[in-house]
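This report refers to the structure that appears directly beneath it.
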Amino acid sequence: MNSSDQLTSNENFLEQIINEDLSNGFNKRKLKFRFPPEPNGYLHIGHAKSICLNFGFGKTFSSPVNLRFDDTNPEKENIVFINSIKEDIKWLGFKWDSECYASDYFNELYDWAIYLIKNNNAYVDSQDQETISIQRGVPSSAGELSPYRERTVDENLDLFKKMKEGNFMPGDCVLRAKIDMSSPNMHMRDPVLYRIINHEHHRTKDKWKIYPTYDWAHGQSDYIEGISHSLCTLEFQVHRELYDWLISKIPKQKEILPKQREFARLNLSYTIMSKRKLAEIVNSGLVSGWDDPRMPTISGLRRRGVPPQAIINFCDKVGVAKRENIIDYALLDFCTREVLNKISYRVMVVLDPVELEIINYPEGDSETLTAENNQEDETYGSREISFSKNLFIERDDFKEQANRKYFRLTIGKEVRLKNGYIIKGESIEKDSEGNINKIVCTYDPKSKSGSGTPESLRKVKGTIHWVDKNNYENISVNIFDKLFLSEVPDENNEADIKKLINRESIKNYNTACAEISLKDADFNKYYQFQRKGYFKLDKKNPEIIFNQTVTLRDNIKF
RNA sequence: UGGCUCAUGGUGUAACUGGUAACACGUCUGGUUUUGGUCCAGAAGAGUCUAGGUUCGAGCCCUAGUGAGCCAACCA
């Protein structure tokens, strides 16, 4: 299976815009996209939507897609985030054309700022942040002009140079665009283009004392790279007027101007996408880290065992529009199962074991049975599993008393041991507290799976999994539940997100018994523990610890 | 109370730019099955936020209203 080839979605409104541009004469070879993360955190499933969108366009239009780090704020950004972001994108299977950094353009941006000043389109304001904020006013009425708004070009040039040379302290002054203090769009009320920050930048080190703001850096970066369509989320809609204005004021060398268009970000039920809140639960120790298998981060999903193709399929099914949305988590689960069903290796693991003794099986005997690795695809081959008189089965696969709808093991009823024989429950042994510690059964020696005998072909309602008590591997298994109790944990912005955490979202089974083949469990494989779900070996641990990715679809009603 | 954006089954996305709503997930039936999985067959569920208007005809166009989101960081 290979990335988005077989996807069949309708063309979304952004693709329509691109196609319109094309039919209006835009040269297809000039199409270019970009994914522009700020390296201040880990990527999550919401970013995956943007990644799939941009790189998806790259594929459908055979256009380059740049990875550009929006690294204009050295106080928040860090090289470790750059590395994790690159790793996640690669893992998803996408290849960027060039690896770019807004900081690569700092010189050019500086020159253009001088150009703006010379054209009376920017000025140095020497007021403090609070004053500027107050002067900006409120949306419903005009703001006031800064007293420094009419400084001469020479004065501005001189001051700006001094800002750059470090003659001022942070907060002393900023460079502002001179636009319109009465605009109903607050972003047009003389936005800040440069501020002074005394902090080493992870790439430019201590070269700069001033750093461009998002508004000044982003559109110009798009312009420099020749991005044709700059796609971002809805909250940047109000920035578009400024985006276009700034590009219209820089010296023109190119005929193609980037076009910003906005789409709705992804929201998933029972989880959150806010980097800040995600950081909060990481820092408070409620999860083990950014890559905790319960986290909606790419690294968390990876560790959980969600394959990249499932994420790509999910992003495709989710669609792209401008409407606020909350996607049902069940859709992600569906996409995960759909992929995993085809590629996972089936094995038998008993999470909560109870002993099963076959009284009419010869004492001391054992045999080797063969089992298919993946009934969806015979090229996965088969493996051997051992069978003997004493086995483990799942504790809840037996009931002393059961109604007609229960078709696992019970006294007097037959059930099939997967890949083995048909057995019948005979009796149970309990300890002094009434807990079952052994189930005794008989087996039909002629009913061996695959033997072709009439006995083996008998229809038996239930099939259960098992592990040989004389030949198994003890493993540890993590079962997960939703991380948040609320369907929309982000709903109330003021609420303490930590209080919404499901404290029972992880359950560990450290006495699980696995068939012996799992002694060589492979990090690169996806497994299905039959009847229990899909599981992935945890890469962070030297011992064998499996994380449950998703359960099997479960329709039990009784 | 300024501006921008959005409004279609439970959820998400479509509807060839005007011809009486489709696809996916979810839900429910039934069948197959050595995984209560997969697979197969089928069903229920919206008349498109409201009110007007244009039109032979409107989810698509117009007007007004209602509801929701975003914007007043030297964050992105």
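Atom set for the values below is all heavy atoms of this structure, side chains included, hydrogens, waters and symmetry mates excluded. Here is how names work: the chains are called A, B, and so on, in the same order as the sequence lines, proteins then strands, and each is numbered from 1.
- Aromatic ring centroids of Tyr148(A) and Tyr123(A) lie 6.0 Å or more apart.
- Anti is the conformation of U63(B), whose glycosidic angle sits further than 90° from 0.
- For residues 160-190 of chain A, every residue pair satisfying the ring pair (Phe, Tyr, Trp, His ring centres under 6.0 Å) rule, not counting sequence neighbours, is listed here: Tyr110(A)-Phe160(A), Phe160(A)-Tyr194(A), His187(A)-His239(A).
- Between the side chain of His239(A) and the base of A76(B), a donor-acceptor pair under 3.5 Å is found.
- Paired with Glu414(A) under the rule salt bridge (Lys or Arg N to Asp or Glu O under 4.0 Å), one option of Arg458(A), Lys459(A), Arg408(A), Lys461(A) passes, and it is Arg458(A).
- Under 3.5 Å, the side chain of Gln528(A) and the base of U35(B) form at least one donor-acceptor pair of N or O atoms.
- Asp333(A) comes within 4.0 angstrom of no nucleic acid atom, judged by non-hydrogen atoms across all strands.
- Of the candidates A72(B), C75(B), U38(B), A72(B) carries the atom nearest the Arg136(A) side chain, counting heavy atoms from C-beta on.
- You'll find the ring centres of Trp112(A) and Tyr223(A) inside the 6.0 Å limit.
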Between the protein and nucleotides 11-14 of chain B, are there any N/O to N/O pairs under 3.5 Å, and if so, what are the atom names and distances?
| from | atom 1 | to | atom 2 | distance (Å) |
| --- | --- | --- | --- | --- |
| U11(B) | O3' | Ile326(A) | O | 3.3 |
| U11(B) | O2' | Ile326(A) | O | 3.1 |
| G12(B) | OP1 | Ile326(A) | N | 3.2 |
| G12(B) | O2' | Val318(A) | O | 2.7 |
| A14(B) | OP1 | Val320(A) | O | 3.2 |
| A14(B) | O2' | Asn10(A) | ND2 | 3.0 |

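- Spacing of P atoms, A64(B) relative to C71(B), comes out at 26 Å, to the nearest Å.
- Counting any heavy atom pair closer than 4.0 Å across all strands shown, Tyr214(A) reaches a base atom.
- Lys459(A) comes within 4.0 angstrom of sugar-phosphate atoms only, judged by non-hydrogen atoms across all strands, and of no base.
- Under the 6.0 Å distance and 45° angle rule, Lys424(A) does not count as a cation-pi partner of Tyr443(A).
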Once pairs are restricted to Watson-Crick or G-U wobble with both distances under 3.5 Å, how does RNA chain B read as a dot-bracket string, [ ] for crossings and | for other-strand pairs? .((((((..((((.....[..)))).(((((.......))))).....(((((..]....))))))))))).....

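- Using a 4.0 Å heavy-atom criterion, one finds that Phe236(A) contacts the bases of the nucleic acid, with or without backbone contacts as well.
- Donor-acceptor pairing under 3.5 Å, judged by distance alone, is absent between the side chain of Arg553(A) and the base of G36(B).
- For G37(B), the base has a donor-acceptor partner in the side chain of Glu376(A) [N/O atoms by modelled type, under 3.5 angstrom].
- A cation-pi arrangement is absent between Arg416(A) and Tyr421(A) under the rule of less than 6.0 angstrom and at most 45 degrees off the ring axis.
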